[in-house]
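Note that the numbering runs from 1 along the sequence shown for the chain. Just so it is clear, the values below take in all heavy atoms, side chains as well, and ignore hydrogens, waters and symmetry mates. Each ligand, and each atom within it, is numbered from 1 in the order the structure gives.
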Amino acid sequence: SYEELRTATCEFSSSNLIGSGNFSSVFKGFLGPESKVVAVKVLNLQKHGAAKSFMSECEALKGIRHRNLVKLVTACSSIDFKGNDFKALVYEFMPNGNLDSWLHPEEVRSSENHPRPLKLSERLSIAIDVASVLDYIHSQCFDPIAHCDLKPSNVLLDNDLTAHVSDFGLARILDQESFINQFSSTGVRGTIGYAAPEYGMGGKPSREGDLYSFGVLVLEMFVGKRPTDKLFVGDLTLRSYVESELSEHVLDITDVSILHGEVSNKNINVAECLKMVFHVGIR
Ligand code: ADP
């Protein structure tokens, strides 16, 4: 309950660091009397933009729920024992880490939890999980949201490899002049390689921007190269790869008429996401 959460203690230590991002360090921790396993994201408030990202994340995630969204358990904004501001977000813990480490296991340093290659069926199901979150945040929830930083390290995997989209630190509420849009409307959004090209030219956060990142993410999942590796563009073997490996899942592989920005976010399904792969691949 709210009252229990308000007074709950959360224990974590620096030896339990599980990840770090632009604005934060993430630790495995234990919440409340039942020691529920959680991920504690402690904002590095020295970094410019960290406090904003805390606000964006709270604002975006408040009141939304989906089986493929990472669950925000609680948030804490306080003063630490040295008298400095302290802000942290507490999430449900995702035992299988992030998708990036599964796609590029050779880069994972620790020998523990070294991910095995994902099966084709697992990759498809992760792609569908991510697509259903996009459909939800873009149009099904009360205040539609653009994620603005979709990439494999922001897709977390549950015990059974169900995908949960995380990191709403750059997310924007669409279609309304909300408080959050007022103070965070400038600056380049997203991550190079995943961010839609128009974001680098001052473009507004949009559903289409997320779909662009989704296309890159799916492409990376099936081809195994990072977008920054430059091997995607004009790579004819991509076409043969997609055709030979995935043909039974594709309704019409020759249909490349879906152009960036024109695809509807309704009913994204396997065929749509693979068309997206194909489109981004031949760009
Ligand atoms: P930032 O906003 O600073 O980029 P993220 O939210 O992306 O931080 O988290 C960084 C990393 O921490 C993730 O890529 C992931 O490896 C790990 N992480 C974050 N949240 C969780 C969670 N709920 N369960 C397990 N690991 C997590």
For [X], is at least one N or O under 3.5 Å away from an N or O on ligand 1?
X      : answer
Met94  : yes
Ser166 : no
Asp167 : yes
Leu156 : no

inquiry  = Test of understanding: given a 4.0 Å heavy-atom threshold, classify the contact between Glu92 and ligand 1 as side chain, backbone, both, or neither.
reply    =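 Only the backbone of Glu92 comes within reach of ligand 1.
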ask   = At under 4.0 Å between heavy atoms, which part of Asp100 makes contact with ligand 1: side chain, backbone, both or neither?
value = neither
query = His138 and Glu208: side-chain donor and acceptor closer than 3.5 Å?
reply = no
Just which atoms of ligand 1 are under 4.0 Å from any heavy atom in [X]?
X      : value
Lys41  : 1 (P), 2 (O), 5 (P), 6 (O), 8 (O)
Asn22  : 1 (P), 3 (O), 4 (O)
Tyr91  : 23 (N)
Asn154 : 7 (O)
Ala39  : 21 (C), 22 (C), 23 (N), 24 (N)

inquiry  = Do Lys151 and Tyr194 form a cation-pi contact, if we require the NZ or CZ to be under 6.0 Å from the six-membered ring centre and within 45 degrees of the ring's axis?
reply    =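 Relative to the ring axis of Tyr194, which defines the angle, Lys151 lies outside at least one limit.
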inquiry  = Please verify the inter-ring angle class for Phe168 with His147; under 30° counts as parallel, over 60° as perpendicular, anything in between as tilted.
reply    =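 Geometry flag for His147 against Phe168: perpendicular rings.
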Of the listed options Asn98, Ile18, Leu43, Val26, closest to atom 9 (O) of ligand 1 (non-hydrogen atoms) =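 Residue with the shortest heavy-atom distance to the ligand atom: Val26.
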